[in-house]
Amino acid sequence: MKSWDNIAKIALSVNDGTKSALDLVNESLSRIEDAKEYNAIISITKERAIERAQLIDDGVKAGKNMGRLAGVPFIAKDNFLTFGSETTAASNILKGFNAPYQASAIEKLEAEGAICVAKANLDAFAHGASTENSDFMVTKNPHDKTRVPGGSSGGSASSVVLGLAPFSLGTDTGGSIRQPASFSGCVGLKPTYGLVSRSGVVAMASSLDCIGPMTKTVGEASLILDIMSGRDLLDSTTIEKDTLGYVSLDSDLKGKKIGLVKEYFDDSLNKDIKESIENLIIKLKAAGAEIVDISLPILPSALAVYYILCPAEVSSNLSRYDGQRFGYSFDKATDLKESYSESRARGFGKEAKRRIIIGTYVLSSGYYDAYYKKAQLVRTKIVKDFENAFKTVDFLLGPVAPTQAFKIGEKSNDPLAMYLSDVMTVAPNLAGIPSITIPIDMKNELPVAVQLMAAQKQDRSLLGAARKIEELS
Ligand code: GLN
């Protein structure tokens, strides 16, 4: 596992001419080539990356400042629309799809000089927690090739930990940034819902989807958030960024109240993870934080609510893949109906079909009131309970998942067991609050991480506290 300089430092060296963007891109591409056995990468955007690197190097030579991310290579999960290679979302149905425009997040990063070098593997359409649902290949955990890197942003997490690029982008609908960050050992931030534009990202469940950075350090995640966040006319759900931005952070925990979520510390939690968190708590107290136990009795319902609302939105969002508009189309169809059904039957993988069927069922007349409507009501209760909790504490702390990275194949034939690995990550998506994964320990030669949550729009203070946890770990 090779490392990179801090992102801000790389950009400074490119801007002062001591490093060339082209060398950085070539370094990243050669690391990607060397790490092929991990199956982290679906495609590279070599030609475009080299062109952009040359433009940046020429700009520097002409005396211009090329931005806060000048020449910094990065890897985007393959559900971000990007130029330079296909965008597949790791699904056969999107093979051969070339994006007509780029995701707003990518545009913002490029405007600061960052260079996308590759697209990372994921569970197809981001449905999953291990990358085993990718239609193409299974990504391996950077610490143990027999284990999963987590998912669905497993390729993005693995890429950062292997040092293929200084940062990557992920998406998080129910934990897909935070859980792979925890399994693979990097920082993963799911910002407040709406803080980063979803425009140009393949939609999974639109009321839950969030975009965020995966990095080696909290400070680097803050910089990337600072650049990607804010209102975007192409996504009406976006909100303004914090007027103070996310770069200069307040990391002082003196007098801050951190709630330990009781429901996340039950018997299902792995003992090693529990022990690592207990050690962290001792250090947090020494740093001046007040630690209190807090209970959110609604939390055990969050997973059931998620697995009704998420498939409902998935079934609606996936209706656009009909063999007519995007990607794969069954060319032997004799009429439109056959084209729809055969294109979808052949193009979608097992998990996408499962979610379409569940989603259509919970939305169907007769079952809508019993499932979808009820789940919406419980979601509102979850939102309220978090709001109330943040009236008494500044942050909530807990594990990211009940276990460390599991073995490849361990849960792939048991969808319910796989869904259970999301039990600690789905609630922040339902509540729209920011949440971050911070690696704190290594146990059994695998990473252990914690999840820190804050109230909506408190991303700045969340990042400050996360940086302190990083420092103490
Ligand atoms: N693992 C969760 C699921 O399968 C979350 C996925 C995600 O956040 N994209 O739905």
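Just so you know, residue 1 is the first one in the sequence shown, and it goes up from there. One-based numbering, in listed order, for ligands and for the atoms of each. The structure presented is a predicted model; accordingly, all values stated were derived computationally and were not measured.
- Near ligand 1, residues Ala126, His127, Gly128, Ala129, Ser152, Asp172, Thr173, Gly174, Gly175, Ser176, Met204, Tyr306, Tyr307, Arg355, Asp422 each place a heavy atom inside the 4.0 Å sphere around the ligand atoms.
- For the pair Arg346 and Phe330, the cation-pi test (distance below 6.0 Å, angle within 45°) is passed.
- Under the 30°/60° scheme for interplanar angles, the aromatic rings of Phe406 and Phe183 are found to stand perpendicular.
- Residues that satisfy the side chain to side chain donor-acceptor pair (under 3.5 Å) test with Glu86, not counting sequence neighbours, are absent from this structure.
- Ring centers of Tyr306 and Tyr419: at least 6.0 Å apart, outside the cut-off.
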Under the salt bridge (charged side-chain N to carboxylate O under 4.0 Å, His left out) criterion, do Glu387 and Lys384 qualify, and how do the steps go? CA-CA 5 Å; Glu387 270 171 19; Lys384 293 246 164 69; over 6 Å; no
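- Screening Ile115, Leu169, Val72 for a side chain to side chain contact (heavy atoms under 4.5 Å, CB included) with Leu109, the sole residue that qualifies is Leu169.
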